Amino acid sequence: MKALIAGAGIGGLTAALFLHRAGFEVEIFERADAVRELGVGINMLPHAVSLLAELGLMDALDAAGIRTRELIYANRFGQVIWQELRGIEAGHAVPQFSIHRGRLLGLVHNAVIDRLGQGSIRTGCRVHGFEQEAQSVTVHFSQGARALQARGDLLVGADGIHSTVRAALFPEEGLPVWNGVMLWRGTTRWPAWRDGRTMAIAGGNYAKFVFYPIGEDPDDPAMRLTNWAVMARSNALQTDRTLGDWSRLGDLAQVLPIVRDRFRLDYVDPAEIICATGEFYEYPNCDREPLPRWSFRRITLLGDAAHPMYPVGSNGASQAILDAHSLAEHLRTHTSVEAALCAYDSERRPPTSEIVVSNRRGGPEGVIDLIEARAPDGFDDIEVVASFEEREQVVRGYARLAGFAAGNPQGEA
């Protein structure tokens with residue numbers, strides 16, 4: 001059997017690896033003229049890491065990223081709101097990884113080339129449409145000036161928040177929805193903080209600052225490749241900006257006034273690391289409404305094409321990998337493509353729809369908003385502001401929803 005995949009991002013490439021392992025022939029169509037290692041930092045949660053380990057990628061992950069040991073939520077003054085271990089230290093069988101998105105994409109891409117062959121990925125291909133027959137699906141695409149088509153047993157739309165496949169299935173949907181929050185993100189070499197494996201998110205309703213290491217420095221063990229991000233409400237969105245575009249360069253004049261004089265953190269001055277970064281990127285915080293279905297006979301959706309979500313909770317890429325594994329397993333165990341895609345839809349769509357909605361409320365980072373709303377000028381005793389049990393419900397309730405809860409017995413240091 002043959003699977004056609006639109007999109008060579010993390011979700012599409014991981015799906016290719018799982019489908020190949022299940023015995024499928026796979027052909028991938030990527031709109032860009034090359035698979036490039038672009039982006040900034042992301043986190044891979046243990047439930048997704050365990051699946052990448054099944055594919056034999058653990059050594060590559062270790063070489064490319066950082067095994068995250070601890071997560072700290074704090075207010076804008078650096079006062080700790082919640083602190084917990086992550087990954088193996090939290091009781092999981094595998095680590096959580098903080099990693100450059102481009103490096104993650106690169107190692108998955110290399111695995112696809114090694115196992116499926118260079119010809120399995122066709123770059124510079126724009127998918128225009130498709131049609132289904134009784135026993136197959138035909139994809140119509142262009143490569144340069146050439147109009148081409150390919151036939152397979154199923155089509156997987158893994159072509160991102162601006163999915164052509166999704167648009168064909170839901171032609172009235174329109175553009176992604178912006179929530180008025182802008183996200184600025186960058187990476188730079190920075191001195192290691194604490195053990196060099198700790199991530200921190202600080203702030204509250206007005207603005208949040210994210211800080212974590214994503215790679216070791218081979219020339220200096222005291223340094224880390226470090227990811228930072230600022231999330232804040234903004235009127236900076238202009239008509240020439242594209243919702244869902246990660247590649248737009250950020251503007252210091254927009255982000256510096258948000259962080260200057262607001263944050264008092266003992267581990268980093270946000271303005272200093274932002275100014276030291278050079279080029280960084282802006283992204284309007286957008287998603288789409290959850291869909292009533294993903295699968296239509298021999299066609300289905302995966303990753304951001306299926307459930308684009310706000311980048312909170314360290315969850316977007318991880319959920320795409322869970323999609324990929326689920327899809328391949330159902331295709332391996334069901335007697336027909338239609339039944340497999342229906343079962344995949346039933347398994348993955350409801351929980352990811354819940355995560356999309358939860359992320360709109362702030363996900364686990366909502367605990368920061370809760371504390372700032374009650375104690376905007378800081379606190380003397382966090383327990384007076386919100387009990388351990390109340391804070392735990394926000395943070396660990398999300399972990400249970402997203403499927404990565406573990407037996408971590410201690411939520412605070």
Side-chain angles (χ1 to χ4, degrees), residues 1-28 44-58 60-61 92-94 97 104 107-109 111-112 114-116 120 135-137 152-159 163 165-166 290-291 293-307 309 315-356 400-406:
M1 297 183 74
K2 182 176 183 178
L4 308 175
I5 300 177
I10 292 168
L13 293 175
T14 307
L17 291 173
F18 280 119
L19 288 167
H20 175 260
R21 189 180 70 167
F24 277 74
E25 180 185 355
V26 180
E27 190 171 8
I28 307 166
M44 298 303 302
L45 298 172
H47 54 357
V49 171
S50 67
L51 298 178
L52 296 180
E54 283 187 23
L55 294 171
L57 299 177
M58 184 63 79
L61 287 167
H92 291 280
V94 296
F97 278 100
L104 176 63
L107 68 89
V108 178
H109 177 237
V112 170
D114 289 343
R115 301 174 196 185
L116 281 70
S120 62
Q135 300 297 323
S136 65
V137 59
D153 294 281
L154 71 149
L155 168 64
V156 181
D159 46 344
S163 168
V165 178
R166 177 172 175 143
L291 293 173
R293 60 187 294 194
W294 296 350
S295 297
F296 295 77
R297 293 171 54 202
R298 293 175 175 270
I299 299 169
T300 196
L301 302 172
L302 183 148
D304 280 352
H307 47 75
M309 57 185 66
N315 221 0
S318 292
Q319 292 299 323
I321 291 169
L322 267 65
D323 292 346
H325 178 262
S326 172
L327 175 64
E329 285 300 293
H330 284 297
L331 284 164
R332 183 179 65 82
T333 57
H334 282 75
T335 57
S336 72
V337 169
E338 292 90 339
L341 298 193
C342 182
Y344 159 71
D345 189 308
S346 297
E347 179 179 75
R348 293 296 302 150
R349 184 174 47 80
T352 54
S353 296
E354 288 189 52
I355 295 168
V356 168
R400 288 189 291 271
L401 170 66
F404 64 94

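Keep in mind that what you see is a predicted model, and the values were worked out from it rather than measured.
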pair Val26-Val112: side-chain heavy atoms closer than 4.5 Å | no
Specify the closest pair of heavy atoms between Val94 and Pro46, including all atoms of both residues, with the distance to one decimal.
-> CG2-O, 3.3 Å
When rounded to the nearest 0.5 Å, the distance separating SG of Cys342 from NE2 of His330 is 10.0 Å
Enter the distance from Leu154:CG to Leu4:CG here, rounded to the nearest 0.5 Å.
-> 7.0 Å
Carefully, step by step, assess Arg349 and His307 under the rule side-chain contact (heavy atoms from CB on, under 4.5 Å).
-> CA-CA 8 Å; Arg349 184 174 47 80; His307 47 75; over 6 Å; no
Could you check if a side-chain atom of Leu341 sits within less than 4.5 angstrom of a side-chain atom of His334, using non-hydrogen atoms only?
-> no
What's the spacing between Lys2 NZ and Leu19 CG if we round to 0.5 Å?
-> 13.0 Å
Do side-chain atoms of Asp153 reach the backbone of Met1 as a donor and acceptor pair under 3.5 angstrom?
-> no
Smallest separation among heavy atoms of Ala48 and Ile321, with atom names | O-CG2, 4.0 Å
Tightest non-hydrogen contact, residues Met44 and Val49, listed as O-CG2, 3.5 Å
Counting distance only, does the side-chain N/O of Ser163 pair as donor-acceptor with the main-chain N or O of Ala305 below 3.5 Å?
-> no
Residues Asp345 and Pro350: closest non-hydrogen pair is O-CD, 3.6 Å
Quick one: are Leu331 and Tyr344 in side-chain contact, heavy atoms under 4.5 Å?
-> no
Can you check whether Leu104 reaches Leu52 side chain to side chain, under 4.5 Å on heavy atoms?
-> yes
Side-chain donor or acceptor of Asp323 paired with backbone N/O of Arg348 under 3.5 Å | no
Student check: side-chain heavy atoms of His92 and His47 closer than 4.5 Å | no
Would you say the side-chain atoms of Gln319 and Thr352 include a donor-acceptor pair closer than 3.5 Å?
-> no
Output all residues satisfying side-chain contact (heavy atoms from CB on, under 4.5 Å) with Ala306, sequence neighbours left out; order by chain, then residue number.
-> Trp294, Leu301
Which value, rounded to the nearest 0.5 Å, describes the distance between Ile10 atom CD1 and Ser318 atom OG?
-> 9.0 Å
Can you measure from OG1 (Thr14) to CG (Leu302) and round to the nearest 0.5 angstrom?
-> 8.5 Å
Residues Ser295 and Thr300: closest non-hydrogen pair is OG-OG1, 2.7 Å
Distance col, row Asp114:CG vs His109:NE2, nearest 0.5 angstrom, shows 10.0 Å
So, for Glu54 and His325, which heavy atoms are closest and what is the spacing to 0.1 Å?
-> OE1-NE2, 3.9 Å
Min side-chain heavy-atom separation Leu51-Phe18 under 4.5 Å = yes
Does Ala22 offer a backbone N or O that forms a donor-acceptor pair with the side chain of Arg332 under 3.5 Å?
-> no
